[in-house]
Amino acid sequence: MKVKHGFLGILIITLILTSTYPGVFLGLEWVWASNTVISTVDVGERPSALAFNPSNNNIYVANTNSNDVSVIESSSNTVISTVDVGERPSALAFNPSNNNIYVANALSDDVSVIESSSNTVISTVDVGDGPSALAFNPSNNNIYVANAYSNNVSVIESSSNTVISTVDVGDGPSALAFNPSNNNIYVTNPVSDDVSVIETTGSKPIVDAISDQSISIRNLVLSYGNNM
């Protein structure tokens with residue numbers, strides 16, 4: 001019992017020190033709190049979106065003003081490739097079904113598809129006017145594209161990289177989220193102050209709307225963790 005109590009005492013002291021001081025002695029070495037900048041990586045002009053690719057551990061950066069995507073190797077924090085895409089890339093999404101990166105180009109009204117194994121554009125998909133947000137749906141492996149100026153959402157079949165459906169939503173769609181509890185896509189419409197809910201499981205997408213005139217909707221976040 002003395003050994004157990006002694007161990008418990010050491011554990012309590014360790015926890016107190018850990019919460020009080022930036023570095024405490026744990027085992028045979030000091031462990032210091034980090035949360036500091038360890039590297040600064042130069043990329044293109046006006047980087048505006050990021051995506052992580054777990055298939056190669058690289059970070060992809062959409063550079064809005066230079067119309068390209070920088071590929072950062074996370075092990076060295078250096079740019080290993082720069083991929084030319086469409087005009088004004090503004091959003092990125094990783095597709096785990098094919099390991100490709102999808103890039104929404106707001107000014108050229110298309111989506112560039114980057115094959116991550118070669119970091120080259122393998123397809124360019126025409127969508128609506130002003131694509132501004134992307135979301136991947138793992139229930140059907142489709143990519144959803146919010147088109148801010150045409151007030152609709154393009155649905156890209158990732159196996160063929162073609163648009164298989166265009167869904168009318170509210171005004172100025174600007175953000176998307178996939179809900180794994182019901183496989184629906186949620187779309188924020190800041191101009192009409194509502195959220196469109198796209199049912200993705202049927203043969204044809206169905207849209208419902210959630211509106212609250214007292215709240216101006218600017219962003220939408222759904223956590224996978226809350227549904228697991």
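Nothing fancy with the numbering, it's 1 onward along the sequence.
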(request) Using side chain to side chain donor-acceptor pair (under 3.5 Å) as the criterion, list what pairs up with S70, not counting sequence neighbours. (result) N63

(message) Main chain of G128, side chain of N147: is a donor-acceptor contact present, judged purely on distance under 3.5 Å?
(response) yes

(message) Is it the case that the side chains of D109 and Y149 hold a donor-acceptor pair, with the cut-off being a distance below 3.5 Å and no angle test?
(response) no

(request) Measure the spacing between CG of N140 and CG of N183 and express it to the nearest 0.5 Å. (result) 8.0 Å

(request) Could you tell me which residues satisfy side chain to side chain donor-acceptor pair (under 3.5 Å) with S74, sequence neighbours excluded, listed by chain and number? (result) none

(message) Working to the nearest 0.5 angstrom, can you tell me the gap between N179 CG and I185 CD1?
(response) 9.0 Å

(message) Applying side chain to side chain contact (heavy atoms under 4.5 Å, CB included), can you list everything that pairs with E115, at least two apart in sequence or on another chain?
(response) N100, S117, S118, T120, I122

(message) Tell me every residue that passes side chain to side chain contact (heavy atoms under 4.5 Å, CB included) with A106, counting only those two or more places apart in sequence or in another chain.
(response) R88, S90

(message) Could you measure the distance from the OG atom of S196 to the CG atom of N151? Nearest 0.5 Å is fine.
(response) 9.5 Å

(request) Under 4.5 Å between side-chain heavy atoms, chaining through other members, with only Ile, Leu, Val, Met, Phe, Trp and Tyr counted: pull out the rest of the cluster around I72, sorted by chain and number. (result) V41, V43, L50, F52, I59, V61, V79

(message) Side chains of D110 and N105: any donor to acceptor distance under 3.5 Å?
(response) yes

(message) To check you understand the geometry: which heavy-atom pair defines the closest contact between P190 and G172, and what is its length?
(response) CD-O, 2.8 Å

(request) Let me see the working for V103 and V69 under side chain to side chain contact (heavy atoms under 4.5 Å, CB included), right down to the final yes or no. (result) CA-CA 9 Å; V103 188; V69 171; 4.0 Å; yes

(message) Count I, L, V, M, F, W, Y as connected when their side-chain heavy atoms are under 4.5 Å apart, and connections chain through other members. Are V127 and Y102 then in the same cluster?
(response) yes

(request) Identify the heavy atoms of S174 and A133 that sit nearest to each other, and give their distance. (result) O-CB, 3.5 Å

(request) Using side chain to side chain donor-acceptor pair (under 3.5 Å) as the criterion, list what pairs up with S123, not counting sequence neighbours. (result) none

(request) To the nearest 0.5 Å, tell me how far D129 CG sits from S150 OG. (result) 5.5 Å

(request) Calculate, to the nearest 0.5 Å, the distance between atoms OG1 and CG belonging to T82 and D84 respectively. (result) 8.0 Å

